[in-house]
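Input: a single structure, listed below in structure tokens.
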Amino acid sequence: MAGWAIAVHGGAGVDPNLPAERQEQAKQLLTRVLNLGIDALRSSGSAIDVVELVVRELESDPFFNSGRGSALTENGTVEMEASIMDGVGRRCGAVSGLTTVKNPVSLARLVMDKSPHSYLAFSGAEKFAKQMGVEMVDNDYFITQDNVEMLKLAKEADSIVFDYRIPTVGYETCGTGVESPFQMNGLPISIYAPE
Amino acid sequence: TVGCVVVDSQGRCAAATSTGGLLNKRMGRIGDSPLIGAGTYACDICAVSCTGEGEAIIRGTLAREVGAVMEYKGLGLQDAVDFVIKERLDDGKAGLIAVSKTGEVSYGFNCVGMFRGCATQNGFMEVGIWD
């Protein structure tokens with residue numbers, strides 16, 4: 001029998017000028033959730049339980065773009081989405097357009113386990129969440145001050161941003177003195193800060 | 001975006017992905033994360049979670065493609081990840097993590113960096129950001 005293995009990610013696309021302390025914060029969070037998963041696997045946790053456990057932890061920490069700390073829409077609100085898939089039988093569940101569900105990945109798990117469907121979105125997903133009795137919070141819970149500032153800057157730049165965020169300080173000097181010609185959304189990559 | 005892939009000691013694979021999507025996105029925009037086969041996929045041979053430019057990940061059905069080339073081309077996990085990152089992303093920027101039922105772990109990305117960590121039962125553990 002092969003041994004267990006686990007991998008986690010917190011987003012792709014990183015500003016090469018990411019401050020050292022932010023790098024260290026990211027590594028500490030990744031190490032913490034990795035160890036959480038390792039402990040669960042050593043305790044004979046199943047793969048599907050471990051991925052839910054680890055992603056819930058990442059959703060609850062505002063550092064990366066999911067759950068609390070999610071990127072903001074054009075209206076300054078949060079709309080989250082998540083999915084989960086069990087290789088055994090290729091069972092799956094997914095949710096989109098969530099605004100009040102504290103842990104979207106767990107609602108995706110309930111769609112997989114407790115509904116005849118594989119994907120619920122927006123009001124239908126929220127209604128299902130209430131029926132399932134999952135923890136729900138105001139949309140404000142997910143919004144961080146950093147993200148409010150970043151949305152303001154993104155609107156000024158007339159840009160959407162994927163797994164990057166615009167830094168709240170130093171914006172005016174970004175893009176200067178950087179050798180990389182890489183651009184995203186028409187802007188130098190150096191203006192974007194990672195999650 | 002965040003994600004996790006696991007193969008347990010019984011060889012069962014699973015994947016999960018969660019995200020707030022794009023900053024300043026239009027209301028109602030759906031990205032790759034909830035789309036099974038695009039941002040998330042698991043079967044009896046591997047599990048995959050993707051992150052990055054969702055629209056490119058959707059076009060490339062990136063997560064399922066890893067399983068497909070393992071299944072139909074007979075590639076190993078790392079070769080499958082490398083193939084998909086190189087051949088299926090077009091100009092999109094993205095990354096992914098993957099495990100196989102035989103206990104391998106792998107990742108790949110075509111952008112500057114990806115926040116990631118991985119570990120295996122034989123004691124290997126790595127946390128990194130850059131290439």
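Since we're looking at a predicted model, the values are computed, not measured. Values below: all heavy atoms of this structure, side chains included; hydrogens, waters and symmetry mates excluded. Lettering of chains follows the sequences in order, A, B, ..., and the numbering in each one begins at 1.
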Think B:Arg88 forms a cation-pi with B:Phe83, using NZ or CZ under 6.0 Å from the six-ring centre and within 45 degrees of its axis?
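No - B:Arg88 does not lie over the ring of B:Phe83 by the 6.0 Å and 45° rule.
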Would you give the length of the straight line joining atom CG of B:Leu89 to atom CD1 of B:Ile57, rounded to the nearest 0.5 angstrom?
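The distance works out to 7.0 Å.
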Roughly how far, to the nearest 0.5 Å, is CH2 of B:Trp130 from CG of A:Leu18?
5.0 Å
So does B:Gly20 get a backbone contact from the side chain of A:Asn65, meaning a donor-acceptor N/O pair under 3.5 Å?
yes
At a heavy-atom separation under 4.5 Å, does [X] approach chain A through its side chain, its backbone, both, or neither?
X	value
B:Val99	side chain
B:Glu104	backbone
B:Ala47	neither
B:Ile30	both
B:Cys50	backbone

Need one label for A:Ile48: side chain, backbone, both or neither, based on atoms under 4.5 Å from any heavy atom in chain B.
both
Considering only heavy atoms, which portion of A:Phe122 lies under 4.5 Å from any heavy atom of chain B: side chain, backbone, both, or neither?
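The side chain, not the backbone.
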Exceeds 12 heavy-atom contacts within 6.0 angstrom, atom [atom1] of [X]:
X	atom1	value
B:Phe124	CZ	yes
B:Asp131	CG	no
A:Arg56	CZ	no

What residue in [options] has the most heavy-atom pairs under 4.5 Å with chain A?
options	value
B:Ala14, B:Cys118, B:Ala16, B:Pro34	B:Pro34
B:Cys43, B:Gly103, B:Ser18	B:Ser18
B:Met27, B:Met125, B:Arg12, B:Glu55	B:Met27

Find the one option among [options] whose heavy-atom pairs under 4.5 Å with chain B are most numerous.
options	result
A:Ala5, A:Gly76, A:Ala94	A:Ala5
A:Asn75, A:Thr77, A:Leu72	A:Leu72
A:Leu34, A:Ile84, A:Val50	A:Leu34
A:Asp49, A:Val105, A:Thr31, A:Val78	A:Thr31
A:Lys27, A:Glu79, A:Met80	A:Glu79
A:Gly37, A:Ser96, A:Ala82, A:Ala47	A:Ala47

Can a salt bridge be assigned to the pair A:Glu74 and B:Arg26 using a cut-off of 4.0 Å between side-chain N and carboxylate O?
no
Is there side-chain contact between A:Glu126 and A:Thr99, with heavy atoms separated by less than 4.5 Å?
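Yes, their side chains come closer than 4.5 Å.
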All pairs passing side chain to side chain donor-acceptor pair (under 3.5 Å) where residues 31-46 of chain B contributes a residue, at least two apart:
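Listed once each, the pairs are A:Ser83-B:Thr40, A:Arg90-B:Tyr41, B:Thr17-B:Thr40, B:Tyr41-B:Arg64.
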